[in-house]
Amino acid sequence: MFKGFYTAAAGMLSQQRQTDLLTNNIANANTSGFKADQGTLKAFPEMLLQRMESEDLPSDRNISVQNKKDIGTINTGVYMQETVPNFTQGDLQQTSQSTDIALMEQNMPTKEGGLFFAVKSPNNTPQYTRNSNFTLDQEGFLTTSIGAYVLNTNNQPIQLKSENFIVDSQGNVTENNQQVAQIGIAYASDLQTIKKEGNGLYETLNNQPLPSARNNPGISYQLKQGFVERSNVDAAQSMTDLLTAYRAFEANQKIMQAYDRSMDKAANEIGRVR
């Protein structure tokens, strides 16, 4: 077996996964609150190759017996170690819809932290979102675009009579000059503990609820009614990275084809009796 065969194959697999990741980012470039994924490629550790012990092969007397069997090292390529979301703040876009409520982070205790809207999942698992393209269902509950209830500071759904309500910068919801709720904002001190669950929703790795950001002196944020947070995907950079990944995939593919031709000759031509 040729030493570089598995290296090229691993390169193709890692670039294919990188292409899938970038394609998904580009497809969600216009999705409200979408956070772009980032992939991390890591090399496999090198391995030492040794020949099978044989007394018939010539040897160098100046080389130890152990080193005489060493052929060299082989690197089996790279793999995608993990994919992590980029939680940087997206730009705000005005929609003038009263049910659209964008969340702006202003001050955080640590750079590793982040804020989310708290929502209620069908299985009652604590879930969170940054997609603020909300709507009212038939019963007047404030929900996400997929029907998950947006929760207040008491972890209860917010029910309204109409879309004629006002949300101030701290999430206080007023209807007919009366405060009916305050939108719940959750705080994650370490975004590495947050995982994507699809449809713009997130969960914690241990399925434990995040603490509220309310009354935390180190946190300041602002809610803006009539705005949504745009995706933080850099479409131009993502297209450039996609082309780079595609070219790298093609290069590894050509190496695989060259090895395939070499193995074909080794199996069918070398040593042929004429």
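Quick note: numbers below take in every heavy atom, side chains included, and nothing from hydrogens, waters or symmetry partners. Please read all numbers here as calculations on a predicted model, not as lab measurements.
- Under a cutoff of 6.0 Å and an axis angle of 45°, K196 and F34 form a cation-pi pair.
- A pairwise comparison of heavy atoms in P157 and N152 identifies O-ND2, 4.4 Å as the closest pair.
- Remark: the backbone N or O of K161 is paired with a side-chain donor or acceptor of E175 at under 3.5 angstrom.
- Under a cut-off of 6.0 angstrom, the local environment of NZ in K195 is crowded, with over 12 non-hydrogen atoms contributed by other residues, nucleotides or ligands.
- R261 has its side chain out of reach of K265: every pair of non-hydrogen atoms, C-beta onward, lies at least 4.5 Å apart.
- Rounding to the nearest 0.5 Å gives a distance of 8.5 Å between CD1 of I158 and CZ of F165.
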Practice problem: Mind running side-chain hydrogen bond (donor to acceptor under 3.5 Å, both in side chains) on T125 and N207 for me, showing each step along the way? | Solution: CA-CA 7 Å; T125 301; N207 289 328; 5.5 Å; no
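- Between N215 and P217 the shortest heavy-atom distance is O-CD, 3.4 Å.
- Annotation for N177: atom CG does not count as buried by contact number, only 12 or fewer foreign heavy atoms lying within 6.0 Å.
- Minimum heavy-atom separation, V167 to Q225: N-OE1, 2.9 Å.
- When ring centroids are compared, Y202 and F116 come within the 6.0 Å threshold.
- Enclosure of atom CD in E82 by more than 12 non-hydrogen atoms of other residues, nucleotides or ligands within 6.0 angstrom is indicated.
- In this structure, V84 stands alone, with no Ile, Leu, Val, Met, Phe, Trp or Tyr side-chain heavy atom under 4.5 Å from its own, directly or through other members.
- Linking ILVMFWY residues whenever their side-chain heavy atoms come closer than 4.5 Å, directly or via other members, leaves L151 and L223 in distinct clusters.
- Criterion: ILVMFWY side-chain heavy atoms under 4.5 Å apart, direct or through other members. Under it, F117 and V180 are part of a common hydrophobic cluster.
- Within a 6.0 Å sphere centred on CG of N30, heavy atoms belonging to other residues, nucleotides or ligands number 12 at most.
- Rounding to the nearest 0.5 Å places OG1 of T19 at 9.5 Å from CG of L243.
- Residues L115 and I101 share a hydrophobic cluster, clusters being chains of Ile/Leu/Val/Met/Phe/Trp/Tyr side chains in contact below 4.5 Å.
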Practice problem: Could you go through the side-chain contact (heavy atoms from CB on, under 4.5 Å) check for F87 and N232 one step at a time? | Solution: CA-CA 8 Å; F87 285 102; N232 66 355; over 6 Å; no
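- The CG atom of D241 sits 10.0 Å away from atom CG of L21, with the distance rounded to the nearest 0.5 Å.
- Proximity of Y187 to R214: side-chain heavy atoms (C-beta onward) are nowhere separated by under 4.5 Å.
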Quiz item: Would T129 and N131 count as a side-chain hydrogen bond (donor to acceptor under 3.5 Å, both in side chains) if you check the C-alpha gap in whole Å, the side-chain angles of each, and the deciding distance to 0.1 Å?
Solution: CA-CA 6 Å; T129 187; N131 187 344; 5.4 Å; no
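- Side-chain atoms of K35 and N86, non-hydrogen and from C-beta on, never get closer than 4.5 Å to each other.
- Listed for the N28 side chain is no donor-acceptor partner under 3.5 Å among the backbone atoms of T31.
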Practice problem: Begin with the C-alpha distance, continue with both residues' side-chain angles, and end with the deciding distance and a verdict on side-chain contact (heavy atoms from CB on, under 4.5 Å) for F134 and T144. | Solution: CA-CA 5 Å; F134 299 143; T144 66; 4.1 Å; yes
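- Residues T23 and L242 have side chains in contact (heavy-atom distance under 4.5 Å, counting atoms from C-beta outward).
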Practice problem: Could you walk me through whether E163 and T99 pass the side-chain contact (heavy atoms from CB on, under 4.5 Å) test, one step at a time? | Solution: CA-CA 7 Å; E163 295 185 358; T99 52; 4.2 Å; yes
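- Here the closest non-hydrogen pair linking Y128 and P209 is OH-CA, 3.3 Å.
- Linking Ile, Leu, Val, Met, Phe, Trp and Tyr whenever their side-chain heavy atoms come within less than 4.5 Å leaves M108 and M104 in two separate clusters.
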Exercise. Go through the steps for I26 and M239 under the test side-chain contact (heavy atoms from CB on, under 4.5 Å), then give the verdict.
Key: CA-CA 8 Å; I26 295 172; M239 283 298 299; 3.5 Å; yes
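- Residues N24 and D37 have side chains in contact (heavy-atom distance under 4.5 Å, counting atoms from C-beta outward).
- N25 approaches A36 most closely through the heavy-atom pair OD1-CA, 3.7 Å.
- For I146, the CD1 atom is densely surrounded, since the number of other residues' heavy atoms within 6.0 Å is greater than 12.
- E229 places a side-chain N or O within donor-acceptor distance of the main-chain N or O of G90, the cut-off being under 3.5 Å.
- Atom CG of N199 and atom OG of S145 lie 7.5 Å apart (nearest 0.5 Å).
- At least one donor-acceptor pair under 3.5 Å links the side chain of T204 to the backbone N or O of Q208.
- Two residues are said to be in side-chain contact when any heavy atoms from C-beta on lie closer than 4.5 Å; S132 and S32 meet this criterion.
- The closest side-chain heavy-atom distance from L160 to V173 is below 4.5 Å.
- The shortest distance between side-chain heavy atoms of L41 and Q15 falls below 4.5 Å.
- Distance OG1/T193 to CG/L205: 6.0 Å, rounded to 0.5 Å.
- Residue pairs meeting the side-chain hydrogen bond (donor to acceptor under 3.5 Å, both in side chains) criterion with at least one partner in residues 100-120, sequence neighbours excluded, are T95-D100, D100-N133, E105-R130, Q106-Q222.
- Open room surrounds OH on Y246; 12 or fewer heavy atoms of other groups in view lie less than 6.0 Å from it.
- When the side chains of ILVMFWY residues are joined at heavy-atom separations under 4.5 Å, either directly or via intervening members, M263 and M256 end up in a single hydrophobic cluster.
- Annotation for S238 and V233: closest pair OG-CG1, 3.7 Å, computed over non-hydrogen atoms.
- Rounding to the nearest 0.5 Å places CG of L136 at 11.5 Å from CD of E139.
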